[in-house]
Amino acid sequence: MMADFLTSTHRAKWIFSPQDLKEKYKAANQRARQALEKYGATRMEVDIDGSWSYPEPQPDAKEIVEKHSRPKPLKTEEEQLLRTFYEFKIQDVCDAFKFPRKIQATALIYFKRFYLQWSVMEHHPKDIMLTCIYAACKAEENHVSAEELGKAIEQDHQMILNNEMIVLQSLGFDLIVYAPYRALDGFVNVMEEFIEANDDQLQTLKDVHEIAKVESDKIMLTDAPLLFPPGQLALAALYRANEVHGLLDFERYVGSLLSRQHDTHSISELTVSMNAIISLVSKLVTLTAADMKHVDRKLKLCRDPSSHDKSKKRKHRSKESSSEMHA
């Protein structure tokens, strides 16, 4: 497994430094801002062959801009909030379908990689979320039809099919990804050698393994999969789980792992990485639809500024209807 990762496109192309990652998000955000200036909207039209275009400015677009200030683009921090919100949604959908963790992790990594190329202002994360799940199911040979996926959450399945090619193109067709779960299983097997083989210890080891899986799920919602290899993600999850139960001396355990694998990393280097991963998880916040209301409204205006007037007209009509009902 490790040899496969060492020679993989995942390692060669999709692990970044924190600064490089920041620059990629910034560049995508900047392009969307420029589109808003040029076209008056950021929403992209996508064809099933993967081609895309910004919508032509509508005849009344100038009038809308004159009546109202130009919509404010999302800040990079607001984009991150939206991405995180929909990453939680990916886990919810995968749980609803009872997909294995590997599919969930693959969909999340596809989603993260896609938004290194694009802004949420250009491609709505709700659409890309579903397309990434659909693509992950194909890649992991657990096929679910677009119709079934769309129907389950009341979305048009044609949108999933339309976005499939642009998602694959944005991933560079690098569809084989490495999640922490397989490495975690291997580390737990080695851990068994460090404990007494009695029923209590073995049960505790099972508990540690389950907690580590949950910790891995949390790690997958952060930027950590774009910054660290899957083995280090798994070790960080296992470290957190071992802290709960105090099953063994984790430093001695890591030292043994390094000697077995002839790894060039030192224990101190791995500790720094694990602490950085754990720090990212500690900053993770579960967001609700209410939390996202303001950001979602800004996103809607960026993608379709005329929605401001449409919304006002709907409210006006609603008031008229209410008056008529009370007349």
Side-chain angles (χ1 to χ4, degrees), residues 1-8 10-11 14-15 91 94-95 98-109 136 139-142 176-282 284:
M1 179 194 71
M2 185 58 69
D4 289 343
F5 174 73
L6 291 175
T7 58
S8 69
H10 186 143
R11 180 175 182 268
W14 299 103
I15 302 289
Q91 289 192 338
C94 289
D95 286 345
K98 295 182 169 55
F99 290 148
R101 276 187 163 95
K102 174 60 174 169
I103 289 177
Q104 181 187 111
T106 299
L108 282 166
I109 290 175
E140 298 300 329
E141 298 181 350
N142 191 0
I176 297 175
V177 302
Y178 292 80
Y181 303 103
R182 188 175 172 189
L184 181 60
D185 292 343
F187 292 152
V188 169
N189 288 338
V190 174
M191 188 176 272
E192 190 172 348
E193 300 174 18
F194 281 73
I195 64 173
E196 296 178 22
N198 59 54
D199 291 344
D200 288 343
Q201 289 278 60
L202 290 174
Q203 181 56 52
T204 301
L205 179 60
K206 289 180 181 178
D207 295 340
V208 166
H209 195 179
E210 289 305 311
I211 293 172
K213 289 177 185 177
V214 174
E215 289 296 322
S216 295
D217 293 344
K218 295 177 186 175
I219 288 170
M220 292 302 299
L221 294 167
T222 72
D223 279 337
L226 297 172
L227 298 169
F228 300 95
Q232 291 183 17
L233 304 182
L235 270 183
L238 198 54
Y239 174 78
R240 288 284 291 156
N242 185 68
E243 274 190 326
V244 174
H245 287 283
L247 183 60
L248 48 72
D249 180 336
F250 204 78
E251 185 171 321
R252 188 170 71 87
Y253 165 73
V254 171
S256 175
L257 285 177
L258 293 175
S259 64
R260 287 173 184 233
Q261 297 179 0
H262 306 291
D263 201 306
T264 57
H265 290 93
S266 66
I267 293 178
S268 61
E269 286 174 329
L270 281 179
T271 300
V272 168
S273 295
M274 287 190 294
N275 287 337
I277 294 165
I278 292 166
S279 176
L280 288 172
V281 174
S282 71
L284 192 63

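Nothing fancy with the numbering, it's 1 onward along the sequence.
- Using a 4.5 Å heavy-atom threshold, the side chains of F194 and L247 count as separate.
- Put simply, the side chain of F5 reaches to within 4.5 Å of the side chain of R11, judged on heavy atoms.
- The backbone N or O of V208 lies less than 3.5 Å from no partner atom in the side chain of N242, so there is not a single donor-acceptor pair.
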Please table the atom pairs, donor to acceptor, closer than 3.5 Å between any side-chain atom in residues 231-241 and protein atoms at least two apart or in another chain.
unit_1 : atom_1 : unit_2 : atom_2 : d
Q232   : OE1    : S273   : OG     : 3.2
Y239   : OH     : E243   : OE2    : 3.4
R240   : NH1    : E243   : OE1    : 3.3

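- More than 12 heavy-atom neighbours from other residues, nucleotides or ligands sit within 6.0 angstrom of CD on Q203.
- A 4.5 Å side-chain heavy-atom check between P180 and M220 finds at least one atom pair inside the cut-off.
- Heavy-atom contacts from other residues, nucleotides or ligands closer than 6.0 Å to CG of N198 number more than 12.
- Rounding to the nearest 0.5 Å places OG1 of T222 at 11.5 Å from CD1 of I278.
- Side-chain atoms of M274 and F250, non-hydrogen and from C-beta on, do get closer than 4.5 Å to each other.
- Nearest approach of P230 to A183, heavy atoms of both residues: O-CB, 4.5 Å.
- For the atom pair L221 CG and L284 CG, the distance stands at 5.5 Å (nearest 0.5 Å).
- When all heavy atoms of I219 and A224 are compared, the closest pair comes out as CG2-CB, 3.9 Å.
- Side-chain contact between L270 and L257 is absent, with no heavy atoms from C-beta onward closer than 4.5 Å.
- Looking at heavy atoms from C-beta onward, K102 lies out of side-chain contact with Y181 at the 4.5 angstrom threshold.
- I176 contributes atom CD1, which lies 12.5 Å from atom CD1 of I109 (distance to the nearest 0.5 angstrom).
- Residues P100 and N142 have side chains in contact (heavy-atom distance under 4.5 Å, counting atoms from C-beta outward).
- In this structure, the side chain of Y253 engages the main chain of F187 through a donor-acceptor pair within 3.5 Å.
- Summarising the geometry, atom CG belonging to D185 is positioned 6.0 Å from atom NZ belonging to K213; distances are rounded to the nearest 0.5 Å.
- A search for salt bridge (charged side-chain N to carboxylate O under 4.0 Å, His left out) contacts involving D217 returns R101, not counting sequence neighbours.
- Atoms CG and CG, on L202 and D207 in that order, are 11.0 Å from each other to the nearest 0.5 Å.
- Not one N or O on the side chain of H245 forms a donor-acceptor pair closer than 3.5 Å with the backbone of T204.
- Atom CG of L248 is separated from atom CD of Q201 by 8.5 Å, given to the nearest 0.5 angstrom.
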